[in-house]
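What follows is a short report on a single structure.
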Amino acid sequence: MDAARLINEARKAQQRAYAPYSNFQVGAALLTANGQIYPGANIENVSYGLTVCAERNAVFKAVYEGEREFSAIAVCSSGSGYVYPCGACLQVLAEFSPMIRVIVSNENDDYREYELKDLLPQIFSI
Ligand code: THU
């Protein structure tokens with residue numbers, strides 16, 4: 001699966017964001033080890049702290065469906081510049097796939113690729 005296609009899926013997901021408070025729509029597309037794509041978008045709440053990011057939305061949907069291994073996630077947003085997953089989302093991704101490829105994109109769909117450990121070098125574990 002090439003990065004451009006995964007970003008395209010994330011762009012479609014971004015349109016489903018519910019972000020009336022920040023007006024910052026985020027889309028994610030999570031690729032499983034067997035080639036399935038799970039899209040997600042951020043879902044906000046009037047009690048702001050209850051907001052769920054696009055990335056965690058995608059992971060939780062996939063895990064609920066029985067998926068446990070992920071090979072890549074692409075993220076895009078309505079903002080300008082590259083959008084990086086927050087620390088909480090990186091930790092959630094690490095739970096299942098510490099080697100996952102993280103693809104971040106900007107407003108022109110240019111992208112940069114990382115391994116999760118580049119972005120979260122010290123994963124919390126017990
Ligand atoms: N957000 C995401 O969905 N993913 C990120 O990686 C960073 C932030 C959302 C949360 C909130 O709805 C909005 O972006 C502004 O913070």
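Nothing fancy with the numbering, it's 1 onward along the sequence. When a ligand or atom number is given, it counts from 1 through the structure's own listing order.
- Numbered from 1 in the order shown, with element, the atoms of ligand 1 that lie under 4.0 Å from a heavy atom of Cys86 read 6 (O).
- At a 4.0 Å cut-off, not a single heavy atom of Cys89 sits close enough to ligand 1 to count as contact.
- Protein heavy atoms are found inside the 4.0 Å sphere centred on atom 12 (O) of ligand 1.
- Under a 3.5 Å cut-off, the side chain of Arg11 and the backbone N or O of Ser77 do form a donor-acceptor pair.
- Not a single heavy atom of Tyr21 sits less than 4.0 Å from an atom of ligand 1.
- Of the protein's heavy atoms, Asn42 ND2, 3.6 Å lies nearest to atom 9 (C) of ligand 1.
- Looking only at heavy atoms of the protein, atom 10 (C) of ligand 1 is closest to Thr51 CG2, 3.9 Å.
- Formation of a donor-acceptor pair under 3.5 Å by the Glu55 side chain with backbone atoms of Val75 is not found in this model.
- Put simply, the side chain of Ile73 does not reach to within 4.5 Å of the side chain of Pro85, judged on heavy atoms.
- When the shell of 6.0 Å around CD of Glu69 is examined, it contains 12 or fewer heavy atoms from other residues, nucleotides or ligands.
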Quick one: side chains of residues 39-48, donor-acceptor pairs under 3.5 Å with protein atoms, not counting sequence neighbours, listed by atom name and distance.
{"unit_1": "Asn42", "atom_1": "OD1", "unit_2": "Val26", "atom_2": "N", "d": "2.9"}
{"unit_1": "Asn42", "atom_1": "ND2", "unit_2": "Phe24", "atom_2": "O", "d": "2.8"}
{"unit_1": "Glu44", "atom_1": "OE1", "unit_2": "Tyr21", "atom_2": "N", "d": "3.0"}
{"unit_1": "Glu44", "atom_1": "OE1", "unit_2": "Ser22", "atom_2": "N", "d": "3.1"}
{"unit_1": "Glu44", "atom_1": "OE2", "unit_2": "Ser22", "atom_2": "OG", "d": "2.5"}
{"unit_1": "Asn45", "atom_1": "OD1", "unit_2": "Ser47", "atom_2": "N", "d": "2.8"}

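- Residue Ala54 places at least one N or O, backbone or side chain, under 3.5 Å from an N or O of ligand 1.
- When only non-hydrogen protein atoms are considered, atom 4 (N) of ligand 1 lies nearest to Glu55 OE1, 2.8 Å.
- The nearest pair of heavy atoms linking Cys76 to Gln14 is SG-OE1, 3.2 Å.
- For the residue pair Tyr38 / Glu65, no side-chain donor-acceptor distance below 3.5 Å is found, with atom types taken as modelled.
- Within the listing of ligand 1, atoms 1 (N), 2 (C), 3 (O), 4 (N), 9 (C), 14 (O) sit less than 4.0 angstrom from a heavy atom of Val26.
- Nearest residue to atom 15 (C) of ligand 1 from Cys53, Gly40, Ser22, Ser77 is Ser22 (criterion: closest heavy atom).
- Contact between Pro85 and ligand 1 is present, with at least one heavy atom of the residue lying under 4.0 Å from the ligand.
- Using a 4.0 Å cut-off to heavy atoms of Glu44, the atoms of ligand 1 that qualify are 11 (C), 12 (O), 13 (C).
- In terms of modelled atom types and a separation under 3.5 Å, the side chain of Arg68 and the main chain of Val63 share a donor-acceptor contact.
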